[in-house]
Structure formats: structure tokens, C-alpha cells
There are 2 protein chains.
Amino acid sequence: MSSVDKALRILVHLGDGPASLDDLASALEVHKTTVLRLLRTLAADHFVHRDGAQRYHLGARLFELSSRGLDQHEVRTIAAPHLAAFNAEHGRTTHLSELVGSEIVYIDKLESHDHVRMASRIGLRAPVHSTAAGKVLVSDLPPAELERVLAGTGFARATPNTITTREGYLAELARVREQGWAHDAEENEPSINCIAAPVRGASGRAVAAVSVSVPDIVMNDDALLALVPSLLAVTERISGEHGWRPTPRGHP
Amino acid sequence: MSSVDKALRILVHLGDGPASLDDLASALEVHKTTVLRLLRTLAADHFVHRDGAQRYHLGARLFELSSRGLDQHEVRTIAAPHLAAFNAEHGRTTHLSELVGSEIVYIDKLESHDHVRMASRIGLRAPVHSTAAGKVLVSDLPPAELERVLAGTGFARATPNTITTREGYLAELARVREQGWAHDAEENEPSINCIAAPVRGASGRAVAAVSVSVPDIVMNDDALLALVPSLLAVTERISGEHGWRPTPRGHP
DNA sequence: CAGCATGATTGCGTATACTGCAACCTGTGT
DNA sequence: ACACAGGTTGCAGTATACGCAATCATGCTG
């Protein structure tokens, strides 16, 4: 195990909450002298912060880098006011995600107005085959990239509804291309339904997806599907601002 | 230079934008073999992501950890809807900050509705002696902690208006205690004025500060000071929700 | 106040992880 | 085919990371 690995594991562990030197040494099964030295290095550049009670916390540098990193995702900046308005109007958990490698990453999230919240968060990764956003992003890939992503996808079953074969997924992608949006009916998480639509850039390619996720106990699937026109409208607005021009045949 | 240092410097460098292996090796003056190995380690746990064009980007893990880290600042969650409403009403750049060591750290930011934006961001640190938020947080410290913070403060001049002596700062802190809010008249940045008020917790101590910053060209200092009552009202609301109970004498 | 327990910190010798050289691989352009 | 630019791999030397043992700091108890 490299020292860089250990330092990163310290950061990941502190994501669960503040910890003492001893806590960290035990949790990581690394000698506390080693942990102290790593913490010293991390603290020197503000990646961690030690408080008056000798507890270590994730530090300001992480917040700063995250903020800078997210700012590098231009579509996020453009989408933000539109998503805020969409969320203000519909009050549902709304995500903006991008395809990264063979997974999607949530790069923005607007919370539901309900007391029932979703456990997702900015920075979390999710599988492409079982999420509506994943389907939207993958359905628009050129063939070579589609192959690459499919090769990196395990089609792991998350729920009884998960699509678990390449063939099944390709058929679903064709459906998504046809209708211009995607649906995930308890395929990624039990009791959670989701719809998603693409945000396009100047090249016409989907560069991000906007998705709306709702627990079944809050809103049934049919009611969620009624949001598709609004979702398509907001993604079209964002796309337009991101340089997308509809082809002369109009959008799907 | 330790390998952990190098890895962290890679992350900091990528905060400025995506970079290739060669870019990073040159910028850090580290052999590219070493950089490649560090990038491998960072990528394995998603701290960085390499795209199809061999460019490295800050990765999802940073966003996730930042999100988790900020969630550990309970006052931020409580303050968020109140700050959003305050920002919707006044349209001025609004920050929530905490005292960390001898500096303040911005843990939330709401953007101005103007086209003139501030260069601050979540995660940035700022000096306590030249910021209104810093004055608010330090003015409420118990004597031993006040001494510790003052000992760690260089009173560096940022502008012609900066308070640069311990005595001057102590006098300003007394003023802040008296009036219950703080003011920074181009003390931290030229042409930027700022007001701040404390958010208190169950202990009655200031645990965070809400501040409003405005460039002089957008709003003059007098107009900014007119926002003090609204600022005190919102901080009182947040404080109440954070467990604060006014003392029988009422608040200052 | 002294003693004890707990947790944090430091110095030292050495094992191992890190490092850079040199060679190789890949993709692109002429 | 060759050249160039950028990325990647294997190897051996050594600088750095590591853990032991001792010390320091703090808080609690009798």
C-alpha cells in the first residue's frame, strides 16, 4: 500500500465524519505514527483540519478544489438557473449528470421539497445500464464509444427490474433514441422511479442528462411520467444555451 | 518533497483546469514517470479522471468528499434555505463562513444577481482581521481562544483601510460586540465593502457568520449598511433554528 | 498533589516504496 | 517508411516512509 493510497483513504474515511488520530489508525489498520505524518502533510495544504479537540475534519482545500472542478463543467453553470426554476416548480429531486468512463457522475443536485430525501449526492457515480440518465447518455454515443462503454459495463442486477443483458440494454437504448427521453422503473433502486432527458451541446451530442427521481411512496410512476414534457422543455432550453441547434428535421 | 505532497499538488494544479501528463510533469517539475504513477493512484479511487484525449480532470471523488464534508457543517444545512430567501430578496453576494484555525473559511456562497461577480468561492480562506465575517467570529471568542487566534494573525495589510495592529483590531472587536454586527469598508479588497452578522448555536456562541459583500461600483457603502437590519433578522432566524435562545436581556 | 491512563508526538535505524533512466509503444503527420 | 510527440513499462539504486520505543501533554482520580 502506497503512502498516497493511505492519504487518500484518510480523506475518504473523514467523509464519514470527524475522527481522532487513533480512530483513523484503527479504521485504516495503519500505525498511528504513519497516520500522524500523513495527516501533517494533508493539514499543511488544508486538505484536512484539526480542531481544538484533536479531531480531524475534511478541510477547506477539498471544498475549494471541488468548487473549481465543478466549475470546469460548463454545462453545470449553464443549467443551474434552469434547474433551480424547474425544481422550484415541480419540487422533485433533480440531478444533472455526465458520462465519465463507463459510469455516470452526478454533477449537480437539487433537493426534493418533500421530507423524503434521496441518498444521492454530487460526486456519486452510478451505473449506466440501470439509470435513466445513463440510458440517455449512452444512447447517444457514436458506435466505437458505445462499444467501449458496453465493454466496461457489468450489467449487474440492482433490483428485480434491472436490465441485465447487453441485448436488453441495446433494445432499451433504441427505445430511448426513438422517444428522446429515458425511464428507469425501479431498475437502479427499489421503489425509486426516474426519468431523464439529454442536454446537447454545439455538436448535437448529448453532453449531460437531467433526471428527476421520485420514491414510489411520494409519487407513482404515472405521475412521474407526466413530467416528461416539462423535462424535455427544460433540457431543450439548457441545450440551446449550451450551443445546441436543432437539426432541420426538428428534435425527436 | 514527499509523494503525498506531489499527489496533492497534482490535485491543486488540476483545479486550474484539465491537463495532460506532460503539462503536469512540467508544471510540477517532477519526472513524468513519477507523475504517471501518482495519477494512476489518484485515478484508481476517482480523485482524478482521464478522458479520451488523455487529459486529466479532477474526479468525482473530490466532489463527493466535498459534499460530505460540507454536510458535516450542520449550520450550513440549516442556513441554506434562509440564505436562499435572503439572496432572492436582496440579490447580493452572500457568504456563510466559519472560523477555522486563525482564518475564516467560506462554507456556502450565494451569487449576486448582478453581472459583476465576486472571485470568492466555497472553500476559500480569508483573514479574520480584514473581513467583516472574521471580526464577527473573533469578537465572540472566549479570552484564551481570542489570544490563540490573535497570536496566529499577522495583521497583513491588504488595502490602505486594513486594520494592521492588534490594538486597532481589539478596538474594532469591541465595537462589533457592542453593535452586534461588523463592517469591512474596503479593508480586505479594494472597492469591496462587506457587512456580517453572527449565527449562534445552543451555547450562545457565534458558530458561523453571514456576510454580504458588494463592489462599490454596484452599491455604495451607505446602501449596504441599510441591509444590516435584514441581515440581523436572517441570522437571528438561522440562530433560532440552530438551537440558540436569546438571553433574558434580549440580543444586542 | 501524585500517580495513572490515554492519546499525541518525536527520534532513530532500516526496509521498502519511490524514482528516473532507458527502452518501448501508440498515434499522427509528412 | 520515418520522425516526432506523448504515454507506458521494467529495472536497479536509494531516498523516503515506516514502526518501535521513548517521551510529552492532558485529564481524571484518590
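Computed from a prediction, not measured in an experiment: that's the story for all the values here. We name chains A, B, ... by the order of the sequence lines, and we start the count at 1 in each one.
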Inset, instruction - Decide whether A/Gln72 and A/Arg68 meet the rule of one side-chain donor and one side-chain acceptor closer than 3.5 Å. - result: no

Inset, instruction - May I ask you to check whether A/Thr162 and A/His129 show a side-chain donor-acceptor distance below 3.5 Å? - result: no

Legend entry - Below 4.0 Å: OP1/OP2 of C/dG20 and any side-chain N or O of B/Thr34: yes

Legend entry - Any B/Arg40 side-chain N or O less than 4.0 Å from OP1/OP2 of D/dT9: yes

From C-beta outward on [X], which listed nucleotide comes closest to its side chain: [options]?
{"X": "B/Thr33", "options": "D/dG6, C/dG20, C/dG11", "answer": "C/dG20"}
{"X": "A/Leu21", "options": "C/dA8, D/dG6, D/dA17", "answer": "C/dA8"}
{"X": "A/Ser3", "options": "C/dC18, C/dT10, D/dT8", "answer": "C/dC18"}

For [X] and [N], what is the distance between atoms [atom1] and [atom2] respectively, to the nearest whole Å?
{"X": "A/Arg50", "N": "D/dA25", "atom1": "CZ", "atom2": "P", "answer": "13 Å"}
{"X": "B/Leu36", "N": "C/dC25", "atom1": "CG", "atom2": "C1'", "answer": "13 Å"}
{"X": "A/Ile10", "N": "D/dA17", "atom1": "CD1", "atom2": "C1'", "answer": "13 Å"}
{"X": "A/Lys6", "N": "C/dT16", "atom1": "NZ", "atom2": "P", "answer": "12 Å"}
{"X": "B/Tyr56", "N": "D/dT8", "atom1": "OH", "atom2": "C1'", "answer": "10 Å"}
{"X": "B/Arg37", "N": "D/dG7", "atom1": "CZ", "atom2": "C1'", "answer": "12 Å"}
{"X": "A/Asp22", "N": "C/dT6", "atom1": "CG", "atom2": "C1'", "answer": "8 Å"}
{"X": "A/Leu42", "N": "D/dA17", "atom1": "CG", "atom2": "P", "answer": "13 Å"}

Inset, instruction - Have a look at A/Arg55 and say if it touches a base, only the backbone sugar-phosphate, or nothing, with a 4.0 Å heavy-atom cut-off. - result: nothing

Legend entry - Electrostatic pair B/Glu172:B/Lys135 at N-O distance under 4.0 angstrom: yes

Legend entry - Under 3.5 Å donor-acceptor pair, A/Lys32 side-chain atoms to C/dG7 base atoms: no

Legend entry - Toward the 5' end of DNA chain C, by each residue's nearest nucleotide, A/Asp23 or B/His31: A/Asp23

Inset, instruction - Kindly indicate whether the side chain of B/Ser66, heavy atoms from C-beta on, has any atom under 4.5 Å from the side chain of B/Leu62. - result: no

Inset, instruction - Go through the steps to decide whether B/Glu111 and B/Lys109 satisfy the test salt bridge (Lys or Arg N to Asp or Glu O under 4.0 Å), and finish with yes or no. - result: CA-CA 6 Å; B/Glu111 292 288 356; B/Lys109 179 186 179 183; 3.3 Å; yes

